[in-house]
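Comments concern the structure below.
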Amino acid sequence: GAVVSQHPSWVICKSGTSVKIECRSLDFQATTMFWYRQFPKQSLMLMATSNEGSKATYEQGVEKDKFLINHASLTLSTLTVTSAHPEDSSFYICSARTGSGYTFGSGTRLTVV
Amino acid sequence: AQSVSQHNHHVILSEAASLELGCNYSYGGTVNLFWYVQYPGQHLQLLLKYFSGDPLVKGIKGFEAEFIKSKFSFNLRKPSVQWSDTAEYFCAVSGGYGGSQGNLIFGKGTKLSVKP
């Protein structure tokens, strides 16, 4: 089945630094990738939708300059959290659209200290 | 606004008990409905989905869900739970035809704890 590999699974970084999260589609071409954020005891909230070769579409309230998304190839999408702050600590999950639905990465737990 | 509501935050059951997790949605137009499960430390996995046709959908591991259009509901059921069903369950909806249109909108999730 369609598999998305997400790395790293967890990361701790200092305030002010940037963190890059990668999602790779292993056995299919992901023309569309969705990036979600999940706070404790809350739902997954869509942050942005990225289409290969074009600019990402951000949801209302998501800072595009802070959460940089690159989808330069059909198998790789990246989310970079720039100048991270403690309030950016969260669980980030990518998802790719497949022929029959969606598949998810394993998520990245980001802790900013 | 589009939304998904899961009624229970945390459900605790004993093994062999029956399970029903509620899910209601608010979405204009054609919907595709999903239930995902997230076992501790693992990624989201699809349990079952509804695109069209028979409103009673059977998924993996003995789970099923029934789409009741008049009630905007898609409740998840299992007749007899096992300890291994301990996980978090998410209901989600997307719009359009064919199951792959647009993004998924998730409910807040229901944590299921099954006591051995």
Side-chain angles (χ1 to χ4, degrees), chain A residues 1-10 21-26 28-51 56-62 69 71 77 90-109, chain B residues 1-11 21 23-27 31-53 57 59-60 65 87-112:
Chain A
V3 176
V4 170
S5 175
Q6 183 172 346
H7 294 281
S9 56
W10 61 271
I21 302 169
E22 290 189 351
C23 276
R24 292 180 184 273
S25 57
L26 298 185
F28 70 104
Q29 293 181 328
T31 54
T32 301
M33 194 78 80
F34 303 100
W35 286 92
Y36 293 87
R37 181 175 180 176
Q38 185 181 23
F39 291 104
K41 298 183 180 180
Q42 294 194 28
S43 178
L44 283 79
M45 300 299 295
L46 181 69
M47 297 175 65
T49 302
S50 71
N51 292 295
T57 303
Y58 290 80
E59 295 299 301
Q60 192 173 11
V62 178
I69 291 173
H71 195 162
S77 178
S90 190
F91 192 63
Y92 296 86
I93 304 175
C94 62
S95 171
R97 184 185 294 168
T98 69
S100 59
Y102 305 83
T103 188
F104 290 84
S106 54
T108 298
R109 172 74 61 193
Chain B
Q2 303 157 359
S3 66
V4 176
S5 176
Q6 290 183 242
H7 313 303
N8 309 100
H9 175 62
H10 190 187
V11 173
L21 302 182
C23 173
N24 286 90
Y25 66 92
S26 172
Y27 199 99
V31 293
N32 307 294
L33 297 154
F34 305 80
W35 274 98
Y36 287 90
V37 60
Q38 189 172 29
Y39 297 104
Q42 297 188 28
H43 59 83
L44 285 164
Q45 299 174 36
L46 181 67
L47 269 181
L48 48 79
K49 60 189 177 187
Y50 171 81
F51 292 167
S52 62
V57 180
I60 61 172
E88 187 139 20
Y89 294 80
F90 293 91
C91 181
V93 62
S94 72
Y97 295 94
S100 294
Q101 305 300 317
N103 60 280
L104 284 168
I105 299 168
F106 286 87
K108 290 188 175 183
T110 298
K111 183 178 179 181
L112 172 64

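Below, chains carry the letters A, B, ... as their sequence lines are ordered, and counting in each starts from 1. What you see is a predicted model; the values in this text were computed from it and never measured.
- Of the atoms belonging to B:Leu44, heavy atoms from both backbone and side chain fall under 4.5 Å from chain A.
- Most heavy-atom pairs under 4.5 Å with chain B, from the set A:Ser43, A:Gly105, A:Ser95: that is A:Ser43.
- A heavy-atom distance below 4.5 Å is found between the side chains of A:Phe104 and B:Leu104.
- For chain B, no part of A:Gln6 is nearby; none of its heavy atoms comes within less than 4.5 Å.
- Only the side chain of B:Gln38 comes within contact range of chain A, with heavy atoms under 4.5 Å apart.
- Proximity of a side-chain donor or acceptor of A:Tyr36 to a complementary backbone N or O of B:Phe106 within less than 3.5 Å is not detected.
- Contact annotation for A:Leu44: both backbone and side-chain heavy atoms come within less than 4.5 Å of a heavy atom of chain B.
- Going from atom CD of A:Gln38 over to atom NZ of B:Lys108 covers 12.0 Å, rounded to the nearest 0.5 Å.
- Heavy-atom distances place no part of A:Phe39 under 4.5 Å from chain B, backbone and side chain included.
- Neither the backbone nor the side chain of B:His10 comes within contact range of chain A; no heavy atom of the residue lies under 4.5 Å from a heavy atom of that chain.
- Here the CG-CG distance, from B:Asn103 to A:Leu46, works out to 4.5 Å after rounding to the nearest 0.5 Å.
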